[in-house]
Amino acid sequence: MKSKLKDFHHYKGSGLTRFEKVEKKVIEHILSTKIPDQNREDSQTFEFLHASGCMQVGKILAQKRNLDVNLAGTACVLHDIFVIINGTYKNHGIEGAAIAEKILREIGGFPEEEIRIITQAVAHHSEKEVKSNDPYTELVKDADVFENSLYKNAEGFYRIHKPPHIFQKYVKRIIKVRNELNLPEKPIFQ
Ligand SMILES: [Fe+2]
């Protein structure tokens, strides 16, 4: 009997979904950058790990929250697209939303509502101290801080670069995600 199971494409060939095409595009941007690590605020390696890591965390959180896994993954993989392309975090949320929209429209097939959800999440993901009414924006914020918490010394980075009250909001989000995923309470940072 012939199996109906399809082989996983491993991101090769022409059988990618629109969501997978975005994922591939983001990785291609990271790999093809002309801005060397010494001129970037973080490294190509970190951007690769963080984009991929946030995407997968976002897909897990989407399942926990009954949200669309593909939409969540796409918003997450695109959230730092401005940093990936420009090497700097300055205004990266708002400016990244325009780049994300361009990518989504070029790839095509995304309904307007999906474009709105994804670009809003990219635009506002840095506002960790704000609780948005949009579940995808909240998901991207949570995936972003939680994924960051898994890197050694991320705590030190946050403590140096964020005012104390904002740092506490980050910690609150990380604890919330750890609870949601049934992880032990500690360590909050790895
Ligand atoms: Fe991020």
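When a ligand or atom number is given, it counts from 1 through the structure's own listing order.
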For Thr88, give me all partners under side-chain hydrogen bond (donor to acceptor under 3.5 Å, both in side chains), at least two apart in sequence or on another chain. Glu41
By side-chain hydrogen bond (donor to acceptor under 3.5 Å, both in side chains) - contacts of Arg18 (at least two apart): Glu114
With a cut-off of 2.8 Å, strictly less than, protein N/O/S atoms near the Fe ion (ligand 1) add up to 4
Who are the side-chain contact (heavy atoms from CB on, under 4.5 Å) partners of Lys64, not counting sequence neighbours? Glu180, Leu181, Asn182
When you check the gap from the basic side-chain N to the acidic O, do Glu129 and Lys162 get nearer than 4.0 Å? no
Under-4.0 Å salt bridge between Arg159 and Glu155: yes
For Phe167 together with His165, are the ring centres under 6.0 Å from each other? no
